[in-house]
Amino acid sequence: MILFPAVDLKNGQCVRLEQGDMNRATVFNLDPAAQARDFAAQGFEYLHVVDLDGAFAGKPVNAGAVESMLKAVTMPVQLGGGIRDLATIEAWLAKGITRVIIGTAAVRDPALVKEAAKKFPGRVAVGLDARDGKVAVEGWAETSTVTVLEIAQRFEDAGVAAIIFTDIARDGLLKGLNLDATIQLAEAISIPVIASGGFASIDDVKAMLEPRARKLEGAIAGRALYDGRLDPAAALALIKSARAAA
């Protein structure tokens with residue numbers, strides 16, 4: 001299990017939103033590169049970054065901040081937000097992003113995901129953000145009519161590295177992961193699934209390490225790390241001991 005610390009970028013700053021609402025943003029760090037270094041120093045092994053402005057604009061907006069983070073740390077970085085065409089995917093991978101996350105385009109243009117996953121094996125993930133079980137797009141501003149499972153099944157055997165499943169209703173509210181829905185998705189597809197939205201405490205780490213969550217690749221933690229509810233050392237120690245026992 002991988003615990004991904006999240007850096008969400010808005011106006012070049014690290015923020016956390018509540019339920020994906022850009023008007024409910026809390027700024028946690030003015031320097032994304034410094035935040036990335038902090039997470040590396042704490043022992044995290046994989047960084048999750050979202051260009052929030054890019055998700056709404058449909059193209060990269062916080063590129064400067066992302067590039068500064070890539071220079072600041074050596075750990076792998078996965079990036080989502082505003083990645084809607086092959087040129088953008090290629091540009092980010094060339095700049096050192098380990099894995100791009102395609103969200104809106106996965107709903108609107110599944111052929112793009114399949115083409116990119118074929119061209120860049122293991123380096124394309126799909127971000128599926130759900131509101132009442134239906135996938136939201138355009139930075140969560142719109143809700144589609146298709147379910148998470150319907151979209152995920154489109155990419156079976158396409159070479160997609162992971163599905164990142166976010167429960168929007170819980171995102172940024174510290175209510176705990178929606179593990180039931182996430183595990184249900186993971187059991188219905190062969191693509192690895194990462195849980196996101198609502199990560200609240202060490203209890204979520206323990207829940208991720210239970211046998212029923214074994215199919216999950218990991219989880220993304222945001223606000224709980226920034227406001228001190230989740231102790232990184234304790235969380236990572238639990239994961240390390242679970243790996244050693246496995």
request  = Determine yes or no for a side-chain-to-main-chain donor-acceptor pair under 3.5 angstrom, with N62 supplying the side chain and A65 the backbone.
outcome  = no
query = Is it true that F4 and I191 fall in one hydrophobic cluster, defined by side-chain heavy atoms closer than 4.5 Å?
reply = no
ask   = Is K59 close to R84 at the side-chain level, that is, under 4.5 Å between some pair of heavy atoms?
value = no
query = Any donor-acceptor pair under 3.5 Å linking the side chain of E18 with the backbone of R24?
reply = no
query = Got a second to check how far L30's CG is from C14's SG, nearest 0.5 Å?
reply = 8.5 Å
ask   = Side chains of Q78 and T98: is there a donor and an acceptor less than 3.5 Å apart?
value = no
inquiry  = I'd like to check L177 versus T182 (side-chain heavy atoms, cut-off strictly below 4.5 Å). Are they in contact?
reply    = no
note = Between K175 and A200, the two heavy atoms sitting closest are N-CB, 4.4 Å
query = If you draw a 6.0 Å radius around CZ in R229, do more than 12 non-hydrogen atoms from other residues or ligands fall strictly inside?
reply = no
query = Between R99 and E217, does at least one N-O distance fall below 4.0 Å, as a salt bridge requires?
reply = yes
key: Minimum heavy-atom distance between P5 and L47, given as atom pair plus value   = O-CD1, 3.5 Å
key: Salt-bridge present (R212, D180; N to O < 4.0 Å)   = yes
query = Between F44 and L3, is a side chain to side chain contact (heavy atoms under 4.5 Å, CB included) present by the stated rule, with each step listed?
reply = CA-CA 7 Å; F44 288 100; L3 185 59; 3.8 Å; yes
message = So, applying side chain to side chain contact (heavy atoms under 4.5 Å, CB included) with F199, which one of L225, L230, I220, L174 is it?
response = L230
task = Taking all non-hydrogen atoms of both residues into account, name the closest pair between D204 and G198 and its distance.
result = OD2-O, 4.2 Å
key: Nearest-0.5 Å distance, CD of residue Q35 to CG of residue D8   = 11.0 Å
Separation between OG of S196 and CZ of R170, rounded to the nearest 0.5 Å = 12.0 Å
message = Strictly below 4.0 Å, N to O, side chains only: are K215 and E187 in salt-bridge contact?
response = no
query = Can you find a pair of side-chain heavy atoms, one from V135 and one from D129, that are under 4.5 Å apart?
reply = no
query = Between the main-chain N or O of L149 and the side-chain N or O of R154, is there a donor-acceptor pair closer than 3.5 Å?
reply = no
key: Audit row: F120, E115, side chain to side chain contact (heavy atoms under 4.5 Å, CB included) steps and yes/no   = CA-CA 9 Å; F120 303 105; E115 183 184 0; over 6 Å; no
remark   = Residues A105 and I83: closest non-hydrogen pair is CB-O, 4.2 Å
ask   = When hydrophobic residues are tied together by side-chain contacts of less than 4.5 Å, even through go-betweens, does F165 share a cluster with V160?
value = yes
inquiry  = Is there a continuous path of hydrophobic side-chain contacts, each under 4.5 Å between heavy atoms, that joins L216 to V205?
reply    = yes
ask   = Same cluster or not: are I101 and V73 linked, directly or through other Ile, Leu, Val, Met, Phe, Trp or Tyr residues, by side-chain heavy atoms under 4.5 angstrom apart?
value = no
query = Within the distance-only criterion (no hydrogens, no angle test), does the side chain of S201 pair as donor or acceptor with the backbone N or O of D203 below 3.5 angstrom?
reply = yes
query = Taking all non-hydrogen atoms of both residues, which atom of A158 and which atom of A117 are closest, and how far apart?
reply = O-CB, 3.3 Å
key: pair T26-R223: side-chain heavy atoms closer than 4.5 Å   = yes
query = Ion pair present between E45 and K240, side-chain N to carboxylate O less than 4.0 angstrom?
reply = no
key: Hydrophobic cluster identity match, V193 and V124, side-chain contacts under 4.5 Å   = yes
query = Looking only at heavy atoms, what is the nearest atom pair of V148 and L185, with distance?
reply = CG1-CD2, 3.6 Å
inquiry  = Pair K114, F155 - check side chain to side chain contact (heavy atoms under 4.5 Å, CB included), show working.
reply    = CA-CA 7 Å; K114 292 175 182 177; F155 303 115; 4.2 Å; yes
query = Can you tell me if CD on Q184 sees more than 12 non-hydrogen neighbours from other groups inside 6.0 Å?
reply = no
key: Min side-chain heavy-atom separation L9-V66 under 4.5 Å   = yes
remark   = Rounding to 0.5 Å, atoms CG (L236) and CD (Q42) come to a distance of 8.0 Å
ask   = If only atom types and distance count, is the side chain of E67 paired as donor or acceptor with the main-chain N or O of G64 below 3.5 Å?
value = no
ask   = Are any side-chain N or O atoms of Y226 and backbone N or O atoms of A6, one a donor and one an acceptor, separated by less than 3.5 Å?
value = yes
request  = Check the side chains of D85 and T88 for a donor-acceptor pair under 3.5 angstrom, ignoring hydrogens and angles.
outcome  = yes
ask   = Which distance, rounded to the nearest 0.5 Å, do you find between the CD1 of I189 and the CG of D157?
value = 11.5 Å
request  = Using modelled atom types only, decide if a donor and an acceptor are shared between the side chain of R37 and the backbone of P32 within a distance under 3.5 Å.
outcome  = no
message = Do L238 and I202 have side chains that approach each other closer than 4.5 Å (heavy atoms only, starting at C-beta)?
response = yes
message = Could you check whether any side-chain N or O of D53 sits under 3.5 Å from a backbone N or O of V61, counting only pairs where one atom can act as donor and the other as acceptor?
response = no
Step-by-step side chain to side chain contact (heavy atoms under 4.5 Å, CB included) determination, I89 to K119 = CA-CA 10 Å; I89 293 166; K119 190 169 184 180; over 6 Å; no
key: Proximity of F39 and F28 rings by center, below 6.0 Å   = no
message = Does any part of the side chain of K134, heavy atoms only, come nearer than 4.5 Å to the side chain of V146, both counted from C-beta?
response = no
ask   = Backbone N or O of Q13 within a donor-acceptor pair of the N11 side chain at under 3.5 Å?
value = no
request  = Answer yes or no: is there a donor N or O on one side and an acceptor on the other, between the side chain of D167 and the main chain of N178, under 3.5 Å?
outcome  = no
ask   = To the nearest 0.5 Å, how far apart are OG1 in T104 and CG in L112?
value = 11.5 Å
